[in-house]
There are 4 protein chains.
Amino acid sequence: METIRIGDFSFQLDLTKPLYEQVLQQIRYSVARGEVALGTKLPSVRELAQNLKINPNTVMRAYQELDRDHLIETRRGQGTFITDNLKIVEQIRQNLAYEAARSFITAMKELGMDVHTAKSLIEEGDWT
Amino acid sequence: METIRIGDFSFQLDLTKPLYEQVLQQIRYSVARGEVALGTKLPSVRELAQNLKINPNTVMRAYQELDRDHLIETRRGQGTFITDNLKIVEQIRQNLAYEAARSFITAMKELGMDVHTAKSLIEEGDWT
Amino acid sequence: METIRIGDFSFQLDLTKPLYEQVLQQIRYSVARGEVALGTKLPSVRELAQNLKINPNTVMRAYQELDRDHLIETRRGQGTFITDNLKIVEQIRQNLAYEAARSFITAMKELGMDVHTAKSLIEEGDWT
Amino acid sequence: METIRIGDFSFQLDLTKPLYEQVLQQIRYSVARGEVALGTKLPSVRELAQNLKINPNTVMRAYQELDRDHLIETRRGQGTFITDNLKIVEQIRQNLAYEAARSFITAMKELGMDVHTAKSLIEEGDWT
DNA sequence: GTGGTCTAGACCACA
DNA sequence: GTGGTCTAGACCACT
């Protein structure tokens, strides 16, 4: 799978899965990971679409959803920017981590395994 | 969300998500959890459909996917049965657990957190 | 898969495939292979059904189809017998072999492989 | 039996056999035979259905099974494409050929004929 | 009675 | 426009 870099962002798209969701997630994770400075200007919808060779509507949809979560801000005539509110970023980072953990634990419980077993699985696995 | 019991199985359907997938998963987990004896006859397609108030085709699709994974066996004119092969069941159980762990770790890494942090999250969380 | 012997015949049933067809084929092949003497009496419908733990209707259907091919003969009040006509048996044996070869060659051609390649495949394979 | 061509594909349907299986097989063989370039877009579900005068659901089922084998890739909103992975195609071609040979040999053995006889049958037959 | 295939047609998600 | 899910209901194959 090809990696495309644009500004501080990098994208890897799997064409068989919803594109707008991948774009959205990869921006979300880039910011949460701290790779992108707060307040940074995002590439324009048209520019990103061109680079990723996807439809501008798809990029727009991704931006809209991020805007709704206040992770990015659209300023008319200026472009789209990462929020400069550190709290929001931290909040999102925590939520994503918590959600991932919670769904792991849920799956384990559905298999009749307890939290202890879950921990062992994480410890013993080779996650390179 | 209403729980429906039928034979050794219980089902909870969320009408906003693909029904056949939920049926499929819930059978898969029931067997993996060891709640259902190997070789057991599943409810007939029509019977389960009626109980869950969904279309028989939807149930059939769930059964067919499980059949392809060899977790169940369908015998025309007789019905559908859980495999009596313990190995297959164990294999599936391991795979489900491993997949859950792997996707948790992947998400953590994408947030810039390491396996150690992942473990702490599991330890400290309140997963009741 | 369990093998069941009854008289000169032996059966192996896979419950997930049409039973009447398996019974039919296995009788057909037993005779073609020359394992069963011409004129031999077949087990009664009821007896065979009992031994194979399947429905008598299923055995009956197999017998009826074999009767139509004149491989067996039903004599009222006496039972069912393998034909004593060697020609019919030879004919069926040849047909079965020819059919198998023809469908193999057809598949090969559909893959864009010629008869020569087909022969090589047979020669080189490990068919133990 | 009427042959219907559409794009690089051609279809012949026998209405007495499962349609989705025939569609599936004919696509599979077209690709294995190398008649269709890797990465090619398949006709859309609706388009193929219309041309073959069958129901879109029937076409979809064929596509879904091929997708599971990774011979094709479906991209929501974009269409369905032949895989661009040559390895998968070669693998499938080999498997199909091997399976055909294996089932031929099995049939011969069940008739009490050996591999040598099988080879002779292939050599002597008139397979035009 | 069991499962399997097919149709017609609705409604949704994605690009 | 694309594919994906679901329904209702017909008809068939097998036990």
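Order of the sequence lines sets the chain letters (A, B, ...), proteins ahead of strands, with each chain counted from 1. Side-chain atoms are counted along with the backbone in the values below, which use heavy atoms only and exclude waters and symmetry mates. Bear in mind that the values here come from a model prediction, so they are computed numbers and not experimental data.
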A/Leu52 CG to A/Thr58 OG1 distance, which is reported to the nearest 0.5 Å: 10.0 Å

Could you list the donor-acceptor pairs under 3.5 angstrom formed by side chains in residues 61-70 of chain D, with sequence neighbours left out?
from    : atom 1 : to      : atom 2 : distance (Å)
D/Arg61 : NH2    : D/Tyr20 : OH     : 3.2
D/Tyr63 : OH     : D/Pro43 : O      : 2.7
D/Asp67 : OD2    : D/Thr74 : OG1    : 3.3
D/Asp69 : OD2    : D/Arg28 : NH1    : 3.0

Any pair counted as salt bridge (Lys or Arg N to Asp or Glu O under 4.0 Å), so long as it reaches residues 48-59 of chain C, sequence neighbours left out: none

Pairs meeting criterion side-chain hydrogen bond (donor to acceptor under 3.5 Å, both in side chains) with involvement of residues 37-47 of chain D, two or more places apart: none

Nearest non-hydrogen partners of C/Ile92 and C/Leu71, listed with the distance: CD1-CD1, 3.4 Å

Contact residues, residues 18-26 of chain D to DNA chain F [heavy atom, < 4.0 Å]: none

Side chain proximity check, C/Leu48 to C/Ile54, heavy atoms < 4.5 angstrom: no

Between the first and last five pairs of the helix from E/dG1-F/dC14 to E/dC14-F/dG1, the angle of the axes, rounded to 10 degrees: 20°

Close approaches to DNA chain E from residues 53-68 of chain C, in residue order (heavy atom, under 4.0 Å): none

More than 12 heavy atoms from other groups under 6.0 Å of CD on B/Gln50: no

Sequence neighbours excluded - salt bridge (Lys or Arg N to Asp or Glu O under 4.0 Å) pairs with any residue from residues 11-21 of chain A: A/Asp14-A/Lys17

For A/Ala32 against B/Leu111, the heavy-atom pair lying closest together: CB-CD2, 3.6 Å

Nucleic acid contacts - residues 36-50 of chain B versus DNA chain F, non-hydrogen atoms under 4.0 Å: none

All pairs passing salt bridge (Lys or Arg N to Asp or Glu O under 4.0 Å) where residues 70-85 of chain B contributes a residue, at least two apart: B/Glu73-B/Arg75

Salt-bridge contact D/Lys87-D/Glu90 (side-chain N to carboxylate O under 4.0 Å): no

For A/Tyr98, ring-ring contact (aromatic ring centres under 6.0 Å, His included) partners two or more places apart: B/Trp127

Side-chain (D/Gln26) to main-chain (D/Gln12) donor-acceptor, under 3.5 angstrom: yes

Positional range of nucleotides in DNA chain E within the contact set of chain D, heavy-atom, under 4.0 Å: E/dT5 to E/dA15

Contact nearer the 5' end of DNA chain E, comparing A/Lys17 with B/Gly77: B/Gly77

Results of side-chain hydrogen bond (donor to acceptor under 3.5 Å, both in side chains) for B/Gln91 - residues two or more places apart only: B/Asn95

Nearest heavy-atom neighbours spanning A/Arg33 and A/Arg93: CA-NH1, 4.4 Å

